[in-house]
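For reference, the structure discussed in these notes is given below.
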4 protein chains.
Amino acid sequence: MTNKREAAKQVKRKRILDESIKLFSTNGYTETTIQMVANAAGISFGSVFTYFETKETLLEATVMEPLEEVREQLMIINYETEDVTEELKNLIQRNIRLFSTSKIYLQLVQQIISRPDRHPKLLMSLDAFFTDFVNHLIPLIEKGQKEGKLKIQDPELVATAYFSFLNGIRLTMGLEEDHIWWEKFIDSAYLLFGPID
Amino acid sequence: MTNKREAAKQVKRKRILDESIKLFSTNGYTETTIQMVANAAGISFGSVFTYFETKETLLEATVMEPLEEVREQLMIINYETEDVTEELKNLIQRNIRLFSTSKIYLQLVQQIISRPDRHPKLLMSLDAFFTDFVNHLIPLIEKGQKEGKLKIQDPELVATAYFSFLNGIRLTMGLEEDHIWWEKFIDSAYLLFGPID
Amino acid sequence: MTNKREAAKQVKRKRILDESIKLFSTNGYTETTIQMVANAAGISFGSVFTYFETKETLLEATVMEPLEEVREQLMIINYETEDVTEELKNLIQRNIRLFSTSKIYLQLVQQIISRPDRHPKLLMSLDAFFTDFVNHLIPLIEKGQKEGKLKIQDPELVATAYFSFLNGIRLTMGLEEDHIWWEKFIDSAYLLFGPID
Amino acid sequence: MTNKREAAKQVKRKRILDESIKLFSTNGYTETTIQMVANAAGISFGSVFTYFETKETLLEATVMEPLEEVREQLMIINYETEDVTEELKNLIQRNIRLFSTSKIYLQLVQQIISRPDRHPKLLMSLDAFFTDFVNHLIPLIEKGQKEGKLKIQDPELVATAYFSFLNGIRLTMGLEEDHIWWEKFIDSAYLLFGPID
DNA sequence: TATGAATGAGAATTCATTCAT
DNA sequence: GATGAATGAATTCTCATTCAT
């Protein structure tokens with residue numbers, strides 16, 4: 001009984017969130033109206049407020065909830081690998097594919113980052129995410145450097161550069177038509193780690 | 001006479017533009033009001049319309065005019081150099097310094113890029129700028145590759161990757177405190193070109 | 001069985017009413033929401049509608065039901081008294097105490113009276129109450145005048161003046177801190193009846 | 001030039017204020033919409049905000065500005081009078097006439113007082129006004145008592161009682177039709193001062 | 001040219017009421 | 001009987017743009 005109702009609620013909530021990603025991403029936060037979200041989700045205007053107290057709250061959920069999914073996929077690293085080079089290339093490929101298939105969501109994230117003063121709460125979360133990512137990558141880089149597979153560089157710098165590169169491509173590929181190019185950037189990304197031969 | 005008057009006009013126009021960059025960059029287009037611009041520029045809000053027909057027009061000028069300055073500085077390349085490696089490193093350093101000192105303006109540009117559907121006219125211009133930049137860089141990369149100083153890669157890809165990297169750092173450094181880090185990325189950027197030895 | 005259930009209902013109904021007095025009195029009719037009443041009464045907001053059809057109905061009950069209690073206490077007059085002066089002073093004392101202890105309720109009543117066009121039904125009831133009060137008082141005043149204890153004045157005028165005075169104090173004491181002052185007004189009120197010596 | 005424009009502004013502002021008194025008084029603050037005010041004043045909705053920043057600001061002006069006029073008229077007292085009794089009667093008559101002709105405004109004031117927590121700023125001002133009024137009246141009462149014309153009572157209490165009485169009549173006369181009665185209350189009010197003979 | 005008053009479309013949010021569970 | 005999700009009318013306030021002075 002209650003479960004059924006609760007389930008229905010969750011479904012509806014998810015629908016709102018899904019449509020919000022698209023709308024916020026395309027139109028920006030300010031220029032997306034609650035009415036638009038409601039229409040897209042097939043519910044009445046007032047109902048959006050049943051699920052999200054304010055527009056700001058909705059944005060927060062819209063940004064934060066998918067972030068956890070991204071985190072899960074982005075943080076998969078096999079530190080025990082025999083072949084660091086191989087692991088690194090695989091990791092880059094996974095990351096680039098993730099970025100290339102999350103265009104809409106990432107566009108939204110970049111809007112948030114481009115307005116750092118506006119959504120401070122979100123910015124802090126995104127910043128923490130970034131730090132996490134960098135810290136996850138460092139051990140692998142260190143391993144590669146120890147094994148003489150990678151040039152000696154500050155691992156934090158390398159990880160930061162790599163993450164920046166991923167984001168930068170997303171930004172630039174928003175300008176250009178996005179195509180198979182994405183895959184080509186795997187090699188470029190790899191270079192940032194300073195592979196030796 | 002007329003010259004004096006004309007000069008005064010240009011000064012005022014410039015003041016509006018300068019304040020617009022800051023305001024649009026910080027508050028975003030929609031959340032910056034003409035009133036705010038007028039206040040910042042020390043004129044009445046009605047006067048803004050004397051210099052710019054609409055808010056959109058103002059944004060266009062705000063984005064496009066500094067772009068020319070950026071272009072000038074970004075496009076300086078000495079193709080005749082004896083030492084491609086040296087020239088490349090100098091170029092990267094100049095570029096990174098330019099990016100690190102243009103934070104406010106670039107934040108504005110990224111807002112535009114994060115909303116590709118919104119300001120199509122501006123997007124086209126920025127896209128053209130990007131293409132220009134890439135095309136300017138290609139000959140130097142080709143020269144380096146021919147001389148055996150750089151790994152053989154698609155020059156367009158390399159140039160694109162490099163430009164993306166610059167933009168990506170700007171994005172990420174907006175998250176992190178911006179500091180001497182910028183300089184450190186010179187080496188990372190250089191790696192993207194695939195230097196041999 | 002049914003009695004028990006019925007009793008439980010009455011208890012809940014009373015709880016709603018009690019909380020409504022406080023909330024309507026403090027926040028006004030429009031700015032009190034059914035949700036607030038429900039929260040205060042510890043029930044779900046949907047349940048309020050089980051007990052009161054509409055918000056207006058709730059207000060009516062909130063104003064009218066305590067009025068009967070006030071009526072009972074306000075209308076106690078011993079017409080057969082030997083000493084009119086004594087009876088009058090006692091009556092004033094009882095009335096003033098009642099008013100001083102019913103601040104919250106009276107504040108609500110004054111809100112109703114201050115918006116005569118808004119709740120016409122309630123206003124009629126309050127008006128009838130006022131007329132009743134005046135009519136109840138007249139015989140005592142007449143008796144006092146006949147016995148030469150009170151100055152000859154239109155008894156209806158005197159009663160009206162007295163009732164107005166009570167209400168006026170409530171209003172003014174809302175401004176000032178309410179304290180022992182209330183008791184002091186007994187003498188002032190007495191003067192309105194025109195005591196001789 | 002500027003004067004003409006400034007004058008026109010003041011006229012329009014006054015029109016808004018005049019209509020606001022009526023509307024707020026009749027419909028209450030919450031149930032008066034800016035649209036209603038705009039319509040009544042014959043201007044567009046948005047223009048109200050040209051003259052008053054917020055609805056709350058408008059209310060404040062609506063309550064406070066007429067208060068100064070009331071103050072002027074209410075505070076006229078000739079302390080040097082030969083005949084305190086006469087002066088007192090005249091004063092009461094003036095006050096009662098003022099109250100009887102300011103019904104609409106006073107109804108608004110009473111709404112404010114009936115919601116003490118809502119408009120704290122206004123309440124403080126009204127409270128200060130009340131204190132002023134009482135303090136102005138005290139010397140005359142003291143004089144009357146010294147001259148043996150008035151019964152010895154705490155002058156502050158008497159003044160407070162008198163002011164409360166005036167307000168109470170306004171409240172009660174809101175219930176009853178307002179008529180010549182007002183004038184009749186002059187004698188009742190006079191009694192509050194405790195005249196001897 | 002400069003100013004700022006006037007306008008009104010548009011947006012977020014609130015809330016009484018209804019009604020399915 | 002109790003609950004709370006759904007609805008949409010209603011309201012305040014914002015702001016680009018126009019235009020008279």
Side-chain angles (χ1 to χ4, degrees), chain A residues 1-6 8-9 12-13 29-38 41-58, chain B residues 5 8-9 12 29-38 42-59, chain C residues 5-6 8-9 12 29-38 42-58, chain D residues 1-6 8-9 12-13 29-38 41-58:
Chain A
M1 307 295 132
T2 314
N3 279 355
K4 210 189 264 178
R5 197 188 286 192
E6 192 59 26
K9 261 190 80 167
K12 212 173 266 190
R13 188 176 182 284
Y29 176 68
T30 318
E31 288 167 82
T32 299
T33 68
I34 297 284
Q35 185 62 256
M36 289 162 73
V37 174
I43 58 176
S44 85
F45 172 77
S47 288
V48 176
F49 291 97
T50 303
Y51 294 87
F52 301 92
E53 264 186 58
T54 64
K55 195 186 177 187
E56 190 79 26
T57 309
L58 174 58
Chain B
R5 204 183 284 179
K9 266 189 72 173
K12 216 179 256 187
Y29 176 69
T30 318
E31 287 165 86
T32 300
T33 67
I34 298 286
Q35 184 64 255
M36 289 161 74
V37 175
I43 57 174
S44 85
F45 96 84
S47 292
V48 176
F49 291 95
T50 304
Y51 295 88
F52 302 92
E53 259 186 66
T54 66
K55 194 186 177 188
E56 193 78 27
T57 310
L58 173 58
L59 177 70
Chain C
R5 201 182 286 179
E6 190 59 27
K9 268 188 69 170
K12 217 178 257 187
Y29 176 69
T30 318
E31 285 165 86
T32 299
T33 68
I34 297 287
Q35 184 64 256
M36 289 162 74
V37 174
I43 58 175
S44 84
F45 95 83
S47 292
V48 175
F49 291 95
T50 304
Y51 295 88
F52 301 92
E53 260 186 65
T54 66
K55 195 185 176 188
E56 192 78 26
T57 309
L58 173 58
Chain D
M1 307 293 130
T2 314
N3 279 353
K4 210 189 261 175
R5 197 189 284 192
E6 193 59 26
K9 262 191 80 169
K12 214 175 262 190
R13 189 178 181 283
Y29 176 68
T30 318
E31 288 167 81
T32 299
T33 70
I34 296 285
Q35 186 63 255
M36 288 162 73
V37 174
I43 58 176
S44 85
F45 172 75
S47 288
V48 176
F49 291 97
T50 303
Y51 293 87
F52 301 92
E53 266 187 57
T54 65
K55 195 185 176 187
E56 191 79 25
T57 309
L58 173 58

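Order of the sequence lines fixes the chain letters, A, B, ..., with proteins taken first and strands second; residue numbering starts at 1 for each chain.
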Give the minimum heavy-atom separation between Glu31(C) and Thr30(D), together with the two atoms involved.
-> OE2-OG1, 2.9 Å

Once you round to the nearest 0.5 Å, how far does NZ of Lys9(A) lie from NZ of Lys12(A)?
-> 10.0 Å

Value in whole Å for how far the C1' atom of dT14(E) lies from CD of Gln35(C) | 12 Å

Please report the shortest heavy-atom distance between Phe49(A) and Thr54(A), naming the atom on each side.
-> CE2-CA, 4.4 Å

Between atom CZ in Phe49(B) and atom P in dT18(F), what is the gap in whole Å?
-> 8 Å

Considering heavy-atom distances to DNA chain E, does Tyr29(A) or Gly42(D) have its closest nucleotide positioned more toward the 5' end?
-> Gly42(D)

Using whole Å, report how far CZ of Phe52(B) lies from C1' of dA16(F).
-> 16 Å

Is Tyr51(D) near enough to dA6(E) that one of its side-chain N or O atoms lies under 4.0 angstrom from OP1 or OP2?
-> yes

Quick one: the dot-bracket string of DNA chain F, using Watson-Crick and G-U wobble pairs with both distances under 3.5 Å, [ ] for crossing pairs and | for bases paired to another strand.
-> .||||||||||||||||||||

Flag, side chain of Ser47(A) to backbone of Thr50(A), donor-acceptor distance under 3.5 Å = no

Quick one: CZ on Phe52(B) to CG on Leu59(B), what's the gap to the nearest 0.5 Å?
-> 11.0 Å

Are Phe45(C) and Thr33(C) side-chain neighbours, meaning at least one heavy-atom pair lies under 4.5 Å?
-> no

Does OP1 or OP2 of dA2(E) have a side-chain N or O of Lys12(B) closer than 4.0 Å?
-> yes

Side-chain (Tyr29(D)) to main-chain (Glu56(D)) donor-acceptor, under 3.5 angstrom = yes

For Ile43(C) and Glu56(B), take the nucleotide of DNA chain F holding the closest heavy atom to each; which residue's nucleotide lies nearer the 5' end?
-> Ile43(C)

With the side chain defined as heavy atoms from C-beta on, Thr54(B) is closest, among dC13(F), dT17(F), dT7(E), to dT17(F)

Could you list all N or O pairs between the protein and nucleotides 8-11 of chain E that sit under 3.5 Å apart?
from	atom 1	to	atom 2	distance (Å)
dG8(E)	N7	Gly46(D)	N	3.4

Grab the two heavy atoms, one from Lys55(D) and one from Ile34(D), that are nearest each other, plus how far apart they are.
-> CG-CD1, 3.8 Å

Atom CZ of Arg13(D) and atom C1' of dA5(E) are separated, to the nearest Å, by 15 Å

In whole angstroms, the gap separating C1' of dC19(F) from CD of Glu53(B) amounts to 15 Å

